[in-house]
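Okay, so here's the structure we're looking at.
Just so it is clear: chains get the letters A, B, ... in the order the sequence lines come, proteins before strands, and each one is counted from 1. As the structure is a prediction and not an experimental result, all values here were calculated from the model. FYI, side chains are in, hydrogens and waters are out, and symmetry mates aren't considered; it's all heavy atoms of this structure.
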Amino acid sequence: MHVAHLSLTDFRSYDTVDLGLEPGVTAFVGPNGQGKTNLVEALGYVATQSSHRVATDAPLVRQGAARAIVRSVVVRDDRRALVELEINPGRANRARLNRSPVSRPRDVIGLLRTVLFAPEDLALVKGDPAERRRFLDDLLVARAPRFAGVRADYDRVLKQRGALLRTAAQARRGSRSGRRAEHDSGFAAAGAGDVLSTLEVWDAHLARQGAELLAARLELVEALRPLVAASYASLAPGSAPAGLEYRGTLSAAVDGPPAVRPGGPEEPAAAAGEAADAAAPAVAGTAAVDRAALEQALRAGLLEVRSAELERGVTLVGPHRDDLFLGLGDLPARGYASHGESWSFALALRLAAYDLLRADGGDPVLILDDVFAELDSQRRRRLAELVGPAEQVLITAAVPDDVPAELTGARFDVTGGGVSRVR
Amino acid sequence: MYEGVVQNLIDELGMLPGVGPKSAQRIAFHLLAADPTDVKRLAHALLEVKEKVRFCRICGNVAAEEECRICRDTRRDLHVICVVEESKDVVAIEKTREFRGRYHVLGGAISPIDGVGPDDLRIRELMTRLADGRVTELIIATDPNLEGEATATYLARLVKPMGLKVTRLASGLPVGGDLEYADEVTLGRAFEGRRLLDV
């Protein structure tokens, strides 16, 4: 797929801009702070309805304007779709597809698929586990929009359960002090019993939603592993091999059942897959079987840590506390990898995401935001070779020299809030 | 912040559902500017609703008397109770004219964020109603959202030892709709809840 047209109204620094685009390579070149990234950010917004730079929509609207509008024409298999988004910070966004309104803006997610490489990606390797969980979950949503709902449901259960645990923690403290003070703990104790009986209900829901998310993540990591290893090897030949491993909170607490045992870097999830296959020879979609086992394991895991949870008032087991471990040879990438290696690893993750989405059908649009400046000449060339064959590649760079010679195509100059085509 | 009474009014209005601080302020100033008789009528209506409207002794539905119209109706099936969150859900189900049993209004759903636990709902009253053994089926019709599902699970576990039939309303595709327009969650649920076609 490719984007044939992008027009922005009151988006970031632009009051209006109108660009015709084509398949192949397009570079946006201009000094810093002129609005190159704003252009690709807008495309990213069409794809995911979130920005890779900010968590809220307010900064996306030009200062002084009430709303921003992003229009794009997406071409896929010779079919053109006009996707229009109206960004209303603080209120519901609106979307139109081929000039007719859609009831929910998220219905147009996925019409455009992008894979965006940005300087922020370094946090995938060097940052907190939350960054890597987000990478996995965003990719899940890109592949199957249903997971946006799964993730939202899981977050909701977490919030409800967290509120309950905090109440329980307070009731415990209250009952203790009450006993000391007046020998009258009847009320508080009843409250705590109440909490326990409802806690089991929330456990069940947490386990169900969590298992669905967990099963999908495990499957995704399996699919990514060989792709990341291959991309990393071609970006940084001669370096130690890159490995991925899903590290769950469901570790030693669970004896036996599948999935998330930390151990050798290779086996755990693969073994889980085999176990599920063996257990369910006749059922189409072994994921369901996998999920039931995970759900059980999650419930057992929650029981295991219950007293600690009641003490601290937080949910201690579940996919919200898991991590995607990145390894280079025998060492963790985080803390051990050099700057260049970290960059290559981050790029390899994005390239793997691209490969995966492409395998699902529909070549996603590749966006390389200010990426080449960070790489040495060898890695630049390698990356250029890897992304060159994509249907559409959009690049931003501060100086023309940052765009590798292998990637020739259209060029726009971005200066002073204007965008003009020079080639 | 405004002077005493005005701020009091804004604070009170702001506690209503769906009314934020801005709307509360707007309503307050509308009331300040309104004709005194209009405001009196509103005040009267508010007081009257609290004084006159009662909740049914049996099911908790809004009622004008001790017991609601449905609970007084002798033609209704005493063996089936349908559990709903709010009185307005009773109205919705009554419109179908499909259900001939009686209701039990919980007064909400379990939601720790809002500080609502089982003790804040009319669950104890429900257990008392079930205790005499006349009821054979409990239909749980709480909302199909997370809190409604949690409440349903909680009730089902609580009632299980009593050995009566507990059912949950089906989730799935809207009647008369197109499959392609269903969202993924609904369609997924419909798949889960598929049933054998008996011909």
Side-chain angles (χ1 to χ4, degrees), chain A residues 90-91 102-107 109-110 140-141 143-171 187 190-209 212 284-285 287-288 291 313 315, chain B residues 18 20-23 83 106 108-124 126-127 140 142-161 166 168 171-172 174 177-194:
Chain A
R91 286 186 296 131
V102 296
S103 52
R104 283 162 312 188
R106 69 181 171 89
D107 288 347
I109 291 180
L140 281 178
V141 174
R143 295 183 76 196
R146 185 174 73 84
F147 280 102
V150 175
R151 180 155 64 158
D153 281 353
Y154 183 74
D155 288 345
R156 180 101 188 134
V157 183
L158 265 188
K159 264 201 197 132
Q160 288 283 20
R161 195 172 181 276
L164 187 63
L165 286 171
R166 276 190 299 280
T167 318
Q170 276 164 12
F187 178 77
D194 202 35
V195 163
L196 282 185
S197 65
T198 40
L199 192 56
E200 283 178 12
V201 171
W202 293 111
D203 282 5
H205 283 269
L206 187 92
R208 189 181 315 148
Q209 310 286 359
E212 187 165 10
R291 235 162 75 188
T315 298
Chain B
K22 283 265 170 64
S23 307
V83 180
L106 290 175
I110 296 175
S111 173
I113 294 176
D114 306 310
V116 180
D119 283 353
D120 304 305
L121 304 174
R122 299 185 69 256
I123 290 176
R124 200 169 294 134
L126 177 65
M127 298 312 281
I140 304 180
T142 50
D143 290 343
N145 54 26
L146 178 65
E147 291 75 20
E149 294 296 348
T151 310
T153 316
Y154 179 80
L155 282 179
R157 293 164 75 115
L158 201 62
V159 171
K160 203 177 175 190
V166 181
R168 176 96 177 100
S171 308
D178 280 333
L179 199 67
E180 56 171 310
Y181 289 125
D183 69 287
E184 306 86 15
V185 179
T186 307
L187 202 50
R189 283 279 198 87
F191 256 97
E192 253 174 63
R194 70 186 185 277

Within the structure provided, determine whether A:W202 and B:L146 are in side-chain contact (heavy-atom separation under 4.5 Å). yes
Nearest 0.5 Å, please: how far is OG1 in A:T198 from CG in B:D119? 9.0 Å
Partners meeting side-chain contact (heavy atoms from CB on, under 4.5 Å) with A:A148 (sequence neighbours left out): A:V141
Against chain B, label A:R166 side chain, backbone, both or neither, depending on which of its atoms sit under 4.5 Å from a heavy atom there. neither
d(B:R157 CZ, A:E200 CD) to nearest 0.5 Å is 4.5 Å
Do you know which of A:V157, A:T167, A:V150, A:L165 has the most heavy-atom pairs under 4.5 Å to chain B? A:V157
Less than 4.5 Å apart, any side-chain heavy atom of A:R156 and any of B:I113? yes
Pairs of heavy atoms under 4.5 Å with chain B: top-ranked of A:Q209, A:H205, A:K159: A:H205
Less than 4.5 Å apart, any side-chain heavy atom of B:P112 and any of A:R161? no
